[in-house]
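See structure below.
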Amino acid sequence: MKQQLAQILTDVVQQLKDQGVIPEDAAPRIHVENTRDKAHGDFATNLAMMLTKMAGMPPRDLAQKIIDLLQNSSIIEKVEIAGPGFINFFVNDSAKFDVVGQVFEKADDYGRCNVGQGKSVLVEFVSANPTGPLHVGHGRGAAYGASVANLLDAAGFDVCREYYVNDAGRQMDILATSVWLRYLEQCGEEFAFPSNGYKGDYIFDIASQVRNQFAETLQKPAFEVFAGITADEGQDDGDKEKHIDDLIEKAKHLLGSQYYDVLQIAINSILGDIKDDLEGFNVRFDNWFSERSLMDTGVIDAALEKLQKAGKIYEKGGALWFRSTDYGDEKDRVVVRDNGLKTYFASDIAYHFNKLERGFDVLIDIWGSDHHGYIPRVRAAMEAMETNPEQLEVLLVQFAVLYRGGEKVAMSTRSGQFVTLRELREEVGADAARFFYVQRKSEQHMDFDLDLAKSQSNDNPVYYIQYAHARICRVLEQAVDKGYRLDLEQGMANLNLLTAEHETALATELAKYPEVIARAAVVYEPHQIAYYLKDLANGLHSYYNASQFIVEDDNLRQARLTLISAVKQVLKNGLALLDVSAPQSM
RNA sequence: GCGCCCGUAGCUCAAUUGGAUAGAGUACUCGGCUACGAACCGAGCGGUUAGGGGUUCGACUCCCUUCGGGCGCGCCA
């Protein structure tokens, strides 16, 4: 309907050009919007105000001229000039209900569009280090990323969901060493656990797994393990970083190849837990991409070579630097350290290089906002590899600040003090948690009140929406019980009987759904879906309270049941985008 | 100190991307079940959009500035 009006206005613009009112080369953006206030009709355009300067006449006069040029349309009932020069369109009721037929025709596909034109897009999200269970901070990124991916899919993009597994580097060594030390404790050795080690309870569990598999064969006496190790923090000349690094070296030395067995057990255990956790959160990935595979297949060297050929790599102080300042970064960045080890950044360059080689049109990275300082250097690397800067889109997610009992909850992975995503899911449910996270704009700071989410989960808006869906299901069941089975054909034929304000409002709301998806998708804002669904549910609840659906009049009853069935379908479609269930009853 | 993000009703958040009288939920005050589920509906209360300046027909939105909060500024990942 909106497109029809836009087309009509495009014709008017051409006529204005022909009449010499505006210059031939003018190319105004035709903007038709939904009105917020019913008094302003159904749709409005600001066209007259946009052209007022060009035409050299007052906006209201120009608006009148535009109206005079409007051709007759079957859907327009009335046109008015309002305010500073808005043109308001009133659409007739029968046209408003055309949408109901479209909903049933497309069913689960209603709302899908093709703004993506089949372009392939890689959405990388979560990508938490496999050093421990996911916590509630990761939960927001997971919920947001999954919904963005769903949105893009609905908008006609070819989406691939990927998790980048940081299974290489020092953090992995700290993990393996932490596990081994806990294992030694379980074998009866006594020593002070390193302050920089991973202290979570899950480390004990993994240590037990190691013990189940290797019995006591990996046991070494504590005095031998700690011989010649730099002191830990808190002691004379203590240094927690050197302390843990020395322990890692010692572990590798004492365990030989079996060190990597311990490492693999740890990674498998934690990654298995993460996968299971995300599955329970209804977050699914098409691909789990291993950082280590980049090293094994020489992709890092290939990527660095490409930068080298572009003349963007130089040597200084024994290290290799990438000249990212050529692309607006604050300083150049090291890619190979003087000790010959590649930096994490080198891996990341290679990872993005690999993404490009896989032929994606658009790369979307979803990161925690604490990584925002990292964007310029990745962008720089992309540009040095001669890609279009618009091919990379980095979306940031603010970490949720947790509150418990009115107090901020301090969280630190290393210290093992954090609320896990699993905990949250089990206490408030996956549906409520997913919805709660995605209700707010991603870059917006967010207060997550655990007490509220847990103890008053019935107040969560997700129940409001699900209730609307369940309510419709119940009404349809009741109708069947009374021998009034829904007959869509009859209902569609009698939609003209629906003239109440609640009814036309619902039809209008249904018609908005496809454009909400299109708009939300291009700006990566799933919260718009959440708000839309709340509005739609509100429309249904109001309608429910205002009138009875199962009435004596056969045609009227069928028309009403048909309308709410359409609402049911759209509620289901919208909830599906957020991976929230649409229950038949609750 | 420099850079990025943010500041909207008592609280938690929206605002069709520059449009009309800034809207929801919650809290508080009223009212609505012998109707298809009251996990619901209706009404009221609540605002100098942090402060100030600018851009224009028009600013919560864009620019400058001050204040306040978060994050980042390693040959860590």
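This is a predicted model, so every value here is computed, not measured. Letters A, B, ... mirror the listed sequences (proteins, then strands); counts begin at 1.
Listed by chain and residue number, A:Tyr164, A:Phe289 satisfy the ring pair (Phe, Tyr, Trp, His ring centres under 6.0 Å) test with A:Tyr351 (two or more places apart in sequence, or in another chain). Legend: residues meeting side chain to side chain contact (heavy atoms under 4.5 Å, CB included) with A:His527, ordered by chain and number and at least two apart, are A:Lys441, A:Glu525, A:Tyr531.
Under a 4.0 Å N-O distance rule, the pair A:Glu515/A:Lys512 does not qualify as a salt bridge. Between A:Asp245 and A:Lys242, none of the side-chain N atoms (NZ, or NE/NH1/NH2) sits under 4.0 Å from a carboxylate O, so this pair counts as no salt bridge. Salt-bridge formation is not detected for the pair A:Asp329/A:Arg379: no Lys NZ or Arg NE/NH1/NH2 atom is positioned less than 4.0 Å from an Asp or Glu carboxylate oxygen.
Between A:Leu536 atom CG and B:rC41 atom C1' the separation is 16 Å, expressed in whole Å. Taking atom CZ of A:Phe549 as the reference point, atom C1' of B:rC40 lies 12 Å away to the nearest angstrom. In this structure, the CG atom of A:Leu486 is 19 Å from the P atom of B:rC36, given to the nearest Å. Look at CZ on A:Arg60: it is 16 Å from P on B:rG58, rounded to the nearest Å. The nearest whole Å value for the distance from the CD atom in A:Gln466 to the P atom in B:rC40 is 12 Å. Look at CZ on A:Arg471: it is 9 Å from C1' on B:rA39, rounded to the nearest Å. The interatomic distance linking A:Glu501 (CD) with B:rG42 (C1') rounds to 14 Å, in whole Å. The nearest whole Å value for the distance from the CZ atom in A:Arg440 to the P atom in B:rA14 is 7 Å.
For B:rG3 and B:rU55, the P atoms lie 25 Å apart once the distance is rounded to whole Å. Between B:rG44 and B:rC4, the two C1' atoms lie 43 Å apart (nearest whole Å). Rounded to whole Å, the separation between the C1' atoms of B:rC6 and B:rG68 comes to 11 Å. Taking the P atoms as reference points, B:rA9 lies 10 Å from B:rG47, given to the whole Å. Between B:rU17 and B:rG53, the two P atoms lie 28 Å apart (nearest whole Å). Between the P atoms of B:rU49 and B:rA43, the separation comes to 26 Å (whole Å). Rounded to whole Å, the separation between the C1' atoms of B:rC67 and B:rA50 comes to 8 Å. B:rU26 and B:rG52 are spaced 33 Å apart, taking the P atom of each and rounding to whole Å.
Within the 4.0 angstrom heavy-atom criterion, only backbone atoms of the sugar-phosphate kind lie near A:Ser542; the bases stay farther away. Heavy atoms of A:Ser585 sit under 4.0 angstrom from at least one base atom. Among the protein residues, A:Phe399 comes within range of no part of the nucleic acid, since none of its heavy atoms lies under 4.0 Å from any strand. Among the atoms of the strands shown, base atoms are found under 4.0 Å from some heavy atom of A:Met586.
OP1 or OP2 of B:rC41 has at least one side-chain nitrogen or oxygen of A:Tyr464 nearer than 4.0 Å.
Remark: B:rC67 base-pairs with B:rG7; criterion is Watson-Crick or G-U wobble with both hydrogen-bond distances under 3.5 Å. With both pairing distances under 3.5 Å, B:rA38 is matched to nothing as a Watson-Crick or G-U wobble pair. When both distances must be under 3.5 Å, the Watson-Crick or G-U wobble mate of B:rU17 does not exist. Using N1 to N3 plus N6-O4 or O6-N4 for Watson-Crick, or N1-O2 and O6-N3 for G-U wobble, each under 3.5 Å, B:rG72 pairs with B:rC2. Nucleotide B:rU49 has no partner under the Watson-Crick or G-U criteria, as no pair reaches both atom distances under 3.5 Å.
Heavy-atom nearest nucleotides on RNA chain B were determined for A:Val475 and for A:Gln444, and the one closer to the 5' end corresponds to A:Gln444.
Sorted by first then second residue, the salt bridge (charged side-chain N to carboxylate O under 4.0 Å, His left out) pairs that include residues 460-481 of chain A, not counting sequence neighbours, are A:Arg474-A:Glu477.
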(message) Does A:Ser442 form a side chain to side chain contact (heavy atoms under 4.5 Å, CB included) with A:Leu395? I'd like the steps, not just the answer.
(response) CA-CA 8 Å; A:Ser442 64; A:Leu395 305 177; 5.7 Å; no
(message) The test is side chain to side chain contact (heavy atoms under 4.5 Å, CB included); show your working for A:Leu536 and A:Tyr513 and say whether it passes.
(response) CA-CA 9 Å; A:Leu536 182 59; A:Tyr513 182 64; over 6 Å; no
(message) side chain to side chain contact (heavy atoms under 4.5 Å, CB included) for A:Leu563 and A:Leu510? Distances and angles first, verdict last.
(response) CA-CA 10 Å; A:Leu563 177 61; A:Leu510 292 176; 4.2 Å; yes
(request) Could you check A:Asp42 against A:Lys96 for salt bridge (charged side-chain N to carboxylate O under 4.0 Å, His left out), going step by step and ending with a plain yes or no? (result) CA-CA 10 Å; A:Asp42 299 297; A:Lys96 285 180 188 167; 3.2 Å; yes
(message) Base contacts versus sugar-phosphate-only contacts with protein, heavy atoms under 4.0 Å: please encode nucleotides 15-25 of chain B as B, S and - from 5' to 3'.
(response) SBB-BB-----
(request) Assign a letter to each nucleotide of nucleotides 70-77 of chain B from its 5' end: B, base within under 4.0 Å of a protein heavy atom; S, sugar-phosphate only; -, no contact. (result) SBSS-BSB
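With a 6.0 Å cutoff to the six-membered ring centre and a 45° limit on the axis angle, A:Arg323 does not count as a cation-pi contact of A:Tyr327.
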Return the polar atom pairs (N/O with N/O) between nucleotides 28-35 of chain B and the protein under 3.5 Å, or none.
unit_1	atom_1	unit_2	atom_2	d
B:rA35	O2'	A:Gln548	NE2	3.0

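The aromatic ring centres of A:Tyr144 and A:Tyr437 sit 6.0 Å or more apart.
With 3.5 Å as the limit, one finds a donor-acceptor pair spanning the side chains of A:Gln490 and A:Asp554.
Of the candidates A:Lys572, A:Gln466, A:Arg434, A:Ser581 forms a side chain to side chain donor-acceptor pair (under 3.5 Å) with just one, namely A:Gln466.
In this structure, B:rU16 is classed as anti because its glycosidic torsion departs from zero by more than 90°.
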